Each structure stands twice: as C-alpha cells, then as structure tokens.
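Everything below concerns the one structure shown next.
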Amino acid sequence: MFETSEGGFLDIDVKIVGPDGDIIYQGERESSGKYTFSAHKAGIYTYCFSNQMSTMTPKVVMFNMEIGEAPSADKEEGDHNKMETMIKELTTALTGVKHEQEYMTVRDRIHHGINEATNSRVVLWSIFEAVVLITMTIGQVYYLKRFFEVRRVV
C-alpha cells in the first residue's frame, strides 16, 4: 500500500520487480494504491517509486509492505481448528486497523503543519493590512490638512 502525501500533484510512478527481473506491477502518475501479489519465487523483490515527470518538486511517499503467510493446503474440517482460523482473521483485521491508525497519525501531522503555515500567513497578511491602513489614514489626514490651509499672498 502506498500514498503520496506531499509534493506537486501528489502523483508518482510505481514499479514492483521480482527477483528474476520480471515486472510484477507498474503504474504511472498514481497518488495512492494497494497491490497484493503472491511471491512465487524466493529472492529480493524491489519496490521503486519514481519522480521522473516532475523532478523539480520533491515528494513524500508513505508506503507499507506486509508479508503474510502462505495459505494452508489442508481443506479437511478435522485438521482445521475453527478457533485458530478465527484468531488468524482477528489478527489480520487488527493489523489492518493498526496500519490505518499509523496512516491517520501521519496525515494528522501533515495537516497540522499545513494549518500552522496557513495561520502564520494569515497573521503576516493581517499585520501588512494594518500597516497599510494606518499609512493611508495618516496620508489622508495630512493631505486634507494641507488642502484647507490658508495661504496668504503678499
């Protein structure tokens, strides 16, 4: 699972390559995605996130890789323990919830930073507006005072 959280249009190229060099998955200009595959060969699988289309804009990518267990080949009810199956399902669901909470924590930090930056800009803009308003007021008072002055010609 991956998601681009900062930078540009939040798009990035993704490629997953197997140990034999075969491309398992390839996507272009994706902002988020989830891809599941079975590793049929032992070896190193490579995940590549590329920013070739917009090298001027740095991007932040959050990704999560989870390695599961191979499904069991036994389908006999006698060999299967229902309680064990339910525990495995519950563990998988709890792991998903944990990953979702971690993702939400990262998003919360990002949004908090955006809010702080926006707040700083609003404060600076308000100070600028106040300075302009005071300057204009002083300028108008000075102009009106000079306009109504009586000048004597001798």
Side-chain angles (χ1 to χ4, degrees), residues 1-71 86-154:
M1 181 178 119
F2 68 94
E3 177 152 355
T4 309
S5 58
E6 282 184 44
F9 293 112
L10 302 177
D11 56 346
I12 200 155
D13 296 336
V14 181
K15 188 189 320 184
I16 301 174
V17 180
D20 53 357
D22 291 340
I23 295 175
I24 297 172
Y25 175 76
Q26 185 170 9
E28 293 182 0
R29 297 186 180 200
E30 296 182 7
S31 59
S32 65
K34 186 175 186 178
Y35 186 73
T36 305
F37 66 94
S38 297
H40 296 291
K41 294 183 180 178
I44 297 174
Y45 287 80
T46 306
Y47 298 85
C48 179
F49 298 101
S50 172
N51 191 22
Q52 288 292 330
M53 69 276 193
S54 61
T55 56
M56 298 300 287
T57 306
K59 299 193 176 171
V60 176
V61 178
M62 183 185 91
F63 72 97
N64 184 19
M65 179 182 63
E66 187 172 327
I67 300 171
E69 295 181 19
M86 290 172 61
I87 289 173
K88 285 182 181 179
E89 289 175 2
L90 184 61
T91 302
T92 303
L94 284 175
T95 303
V97 169
K98 179 182 166 228
H99 291 308
E100 192 69 25
Q101 284 180 333
E102 290 171 353
Y103 167 72
M104 289 299 170
T105 303
V106 169
R107 294 293 292 191
D108 182 52
R109 256 187 275 137
I110 290 167
H111 287 265
H112 182 72
I114 291 170
N115 287 339
E116 289 296 322
T118 304
N119 187 30
S120 298
R121 289 179 184 164
V122 167
V123 167
L124 288 174
W125 183 254
S126 298
I127 291 171
F128 174 73
E129 283 182 331
V131 168
V132 168
L133 185 64
I134 290 170
T135 304
M136 292 297 293
T137 303
I138 291 171
Q140 286 177 351
V141 167
Y142 178 74
Y143 177 76
L144 286 173
K145 188 176 180 182
R146 293 213 14 128
F147 184 74
F148 289 111
E149 275 184 359
V150 177
R151 295 185 187 166
R152 296 184 188 192
V153 179
V154 180

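All of these numbers come straight from a predicted model, not from anything done at the bench. Along the sequence shown, residues are numbered consecutively beginning with 1.
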Step-by-step ring-ring contact (aromatic ring centres under 6.0 Å, His included) determination, Phe49 to Phe63: CA-CA 10 Å; Phe49 298 101; Phe63 72 97; 5.2 Å; yes
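- Atom CD1 of Ile24 sits about 9.0 Å away from atom OG1 of Thr46, to the nearest 0.5 Å.
- To the nearest 0.5 angstrom, Glu3 atom CD is 12.0 Å from Asn64 atom CG.
- Using bins of under 30°, 30° to 60° and over 60° for the plane-to-plane angle, the ring pair Phe128/Trp125 lands in the tilted bin.
- Taking both residues in full, the closest heavy atoms of Tyr35 and Ile16 are given as CD2-CD1, 3.9 Å, listed atom of the first, atom of the second, then distance.
- A 6.0 Å sphere centred on CD of Glu28 holds no more than 12 heavy atoms belonging to other residues, nucleotides or ligands.
- Looking only at distances, a side-chain donor or acceptor of Asp13 sits under 3.5 Å from a matching main-chain atom of Arg29.
- Separating the CE atom in Met86 from the OG1 atom in Thr91 is a distance of 11.5 Å, to the nearest 0.5 Å.
- Enclosure of atom CD in Glu149 by more than 12 non-hydrogen atoms of other residues, nucleotides or ligands within 6.0 angstrom is indicated.
- Considering every non-hydrogen atom in both Ala42 and Pro19, the closest pair reads O-CG, 3.8 Å.
- Between Glu102 and Lys98, at least one side-chain nitrogen of the basic residue sits less than 4.0 Å from a carboxylate oxygen of the acidic one, meeting the salt-bridge criterion.
- Minimum interatomic distance between Tyr45 and Gly18 (heavy atoms only, all atoms of both residues): CD2-CA, 3.6 Å.
- To the nearest 0.5 angstrom, Phe147 atom CZ is 15.0 Å from Tyr142 atom OH.
- In this structure, Phe2 has its ring center no closer than 6.0 Å to that of Tyr47.
- Minimum heavy-atom separation, Ile12 to Asn51: CG1-N, 4.5 Å.
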For side-chain contact (heavy atoms from CB on, under 4.5 Å), just list the numbers for Lys59 and Asp11, CA-CA rounded to whole Å, side-chain angles, deciding distance to a tenth of an Å, and then say yes or no. CA-CA 9 Å; Lys59 299 193 176 171; Asp11 56 346; 2.8 Å; yes
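- Here the straight-line distance linking atom CG of Asn119 with atom CG of Leu124 works out to 9.5 Å at 0.5 Å rounding.
- The shortest heavy-atom contact between Asp22 and Asp20 is OD2-OD2, 3.0 Å.
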